[in-house]
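What follows is a single structure, written as structure tokens, with notes after it.
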Amino acid sequence: MVDLRSVVDLSRTYQQDFYCRDTLAVARELLGALLCRQVSDGRVLYGPIVEVEAYTQDDPACHASRGLTPRCRVMFGPPGRAYVYFIYGMYHCLNVVTEPEGTPGAVLIRAVGADGTNGPGKLCREWQIDWSHNGTSLLTPGTDLWICAGTTVSGSDIVCSPRIGVSSATDRHWRFYLRGHPSVSKAPQPPVGKKRRRA
DNA sequence: GGGCCGATTGTT
DNA sequence: ACAATCGGCCCG
């Protein structure tokens, strides 16, 4: 039996000051951090975060861009909590809340370096993350869900791109991922062989 | 109350 | 290219 403490340094669980910052900075620094989840039977699942996306108040793609609604309420609350939403009638997605209370912001966790955890919908399905986690704190190690500092990631290993499935603000390259990691989503292929209209 | 759309995924 | 599947949000 592996002692979890030999793999995950619980004392390095990120606290509110880590999340209470610029969303883009938090997004980049979450790469390599260990997402940890204790499921209902007591098993602890964990893995390094390898793909994230940032969403901020002034961003048209952000749920909070048109003000506070029941769904996005926790994005306006204290940093360091989970923001979970339901999408396409079948998937939950996990975000971490950033920025000072009153300023909405979040980082979508798109993939973790563990089996079956590529893609935000599959991650939540595999790790049993759902509505019950919306608004819960990420600051207490050994509870439901928490995040520990992991291995330091070099800036040259981080790739930026437009966000997946977002049709607006495509000039904001706010998706960050670890170069070459197998769990990272494959970006949708641009149309090929399409005839270009001649002038 | 109606209707449309979506921070996805897997199949055709 | 599209279906599955349903909550959120805007409009009236």
Side-chain angles (χ1 to χ4, degrees), chain A residues 19 22-31 33 35 37 45 47 49-77 79-99 103-136 138 145 147 158-178 181-196:
Chain A
Y19 300 99
D22 174 75
T23 304
L24 293 176
V26 176
R28 287 177 165 275
E29 292 179 36
L30 278 173
L31 291 176
L35 180 68
R37 159 97 177 104
L45 313 172
I49 296 169
V50 299
E51 181 184 6
V52 298
E53 285 175 0
Y55 290 87
T56 64
Q57 182 170 35
D58 66 334
D59 165 17
C62 178
H63 292 164
S65 65
R66 283 166 298 281
L68 193 156
T69 66
R71 178 177 63 159
C72 68
R73 174 180 51 81
V74 324
M75 287 183 71
F76 289 79
R81 306 224 270 222
Y83 167 50
V84 177
Y85 66 89
F86 187 65
I87 191 68
Y88 295 115
M90 52 185 83
Y91 297 106
H92 295 273
C93 293
L94 171 67
N95 297 251
V96 306
V97 174
T98 58
E99 309 281 350
T103 302
V107 176
L108 171 67
I109 309 298
R110 288 195 58 90
V112 166
D115 283 346
T117 59
N118 56 316
K122 285 166 64 183
L123 166 64
C124 287
R125 186 209 288 157
E126 292 292 318
W127 282 19
Q128 303 167 37
I129 294 165
D130 58 36
W131 281 130
S132 70
H133 298 90
N134 191 35
T136 60
L138 302 173
L145 204 53
I147 300 177
I158 299 178
V159 185
C160 315
S161 84
R163 295 165 293 183
I164 301 290
V166 171
S167 54
S168 62
T170 54
D171 58 318
R172 297 184 181 190
H173 292 190
W174 286 0
R175 169 181 176 241
F176 304 99
Y177 61 93
L178 294 187
H181 196 285
S183 292
V184 169
S185 319
K186 196 185 66 157
Q189 293 291 96
V192 295
K194 183 156 147 200
K195 240 170 228 164
R196 185 157 40 98

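Every chain is numbered from 1 and lettered A, B, ... according to where its sequence line falls, protein lines coming before strand lines.
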Set out, line by line, the N/O atom pairs under 3.5 Å between protein and nucleotides 8-12 of chain C.
residue: C:dG8; atom: O3'; partner: A:R71; partner atom: NE; Å: 3.4
residue: C:dC9; atom: OP1; partner: A:T69; partner atom: OG1; Å: 2.5
residue: C:dC9; atom: OP1; partner: A:R71; partner atom: NE; Å: 3.4
residue: C:dC9; atom: OP2; partner: A:T69; partner atom: OG1; Å: 3.2

Item to complete: Confirm from the modelled atom types if A:Y88 and C:dA4 form a donor-acceptor pair under 3.5 Å, side chain to base only.
Response: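 Checked by distance alone, the answer is no.
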Worksheet entry | Residues A:R28, A:D22: salt bridge by 4.0 Å N-O rule |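 Here A:R28 does not pair with A:D22 in a salt bridge, since their nearest N and O are not under 4.0 Å apart.
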With rounding to the nearest 0.5 angstrom, report the [atom1] to [atom2] distance, [X] to [Y].
X: A:I147; Y: A:I109; atom1: CD1; atom2: CD1; result: 5.0 Å
X: A:L108; Y: A:H63; atom1: CG; atom2: NE2; result: 9.0 Å
X: A:T56; Y: A:M75; atom1: OG1; atom2: CE; result: 8.5 Å
X: A:R66; Y: A:C72; atom1: CZ; atom2: SG; result: 9.0 Å
X: A:E51; Y: A:I164; atom1: CD; atom2: CD1; result: 6.5 Å

Discussion item. Taking side-chain contact (heavy atoms from CB on, under 4.5 Å) as the criterion, tell me which of A:L24, A:V166, A:V107, A:T23 meets it with A:W174.
Written reply: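 Output: one option passes, namely A:L24.
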Mind calculating the distance between [atom1] ([X]) and [atom2] ([N]) to the nearest angstrom?
X: A:R163; N: B:dT8; atom1: CZ; atom2: P; answer: 11 Å
X: A:E51; N: B:dA7; atom1: CD; atom2: P; answer: 16 Å
X: A:R110; N: B:dT9; atom1: CZ; atom2: C1'; answer: 11 Å
X: A:I87; N: B:dC4; atom1: CD1; atom2: C1'; answer: 13 Å
X: A:R175; N: B:dT8; atom1: CZ; atom2: P; answer: 11 Å
X: A:M90; N: C:dT5; atom1: CE; atom2: C1'; answer: 4 Å
X: A:K186; N: B:dG10; atom1: NZ; atom2: C1'; answer: 12 Å
X: A:I129; N: B:dT8; atom1: CD1; atom2: C1'; answer: 16 Å

Practice prompt. On DNA chain B, check which nucleotide each of A:S167 and A:N118 is closest to and give me the residue with the more 5' one.
Written response: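 Mapping each residue to its closest nucleotide by heavy atoms, the 5'-most match is A:S167.
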Worksheet entry | Secondary structure of DNA chain C in dot-bracket form (Watson-Crick or G-U wobble, distances below 3.5 Å, | marking inter-strand pairs) | ||||.||||||.
Worksheet entry | Residue A:D115 excluded, over 12 heavy atoms near CG under 6.0 Å |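 No, CG of A:D115 has 12 or fewer neighbouring heavy atoms, counting only those of other groups under 6.0 Å.
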Practice prompt. Evaluate the ring planes of A:H92 and A:W131, with Trp represented by its six-membered ring, and classify them as parallel (under 30°), tilted (30 to 60°) or perpendicular (over 60°).
Written response: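 The arrangement is perpendicular - the two ring planes meet at more than 60°.
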Item to complete: Check every strand shown and say whether A:G89 touches a base, only sugar-phosphate, or nothing at a heavy-atom separation below 4.0 Å.
Response: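 Result for A:G89 = base.
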Worksheet item: Under 5.5 Å between ring centres and under 30° between planes: does that hold for A:Y55 against the base of B:dA7?
Response: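 Stacking between A:Y55 and B:dA7: present.
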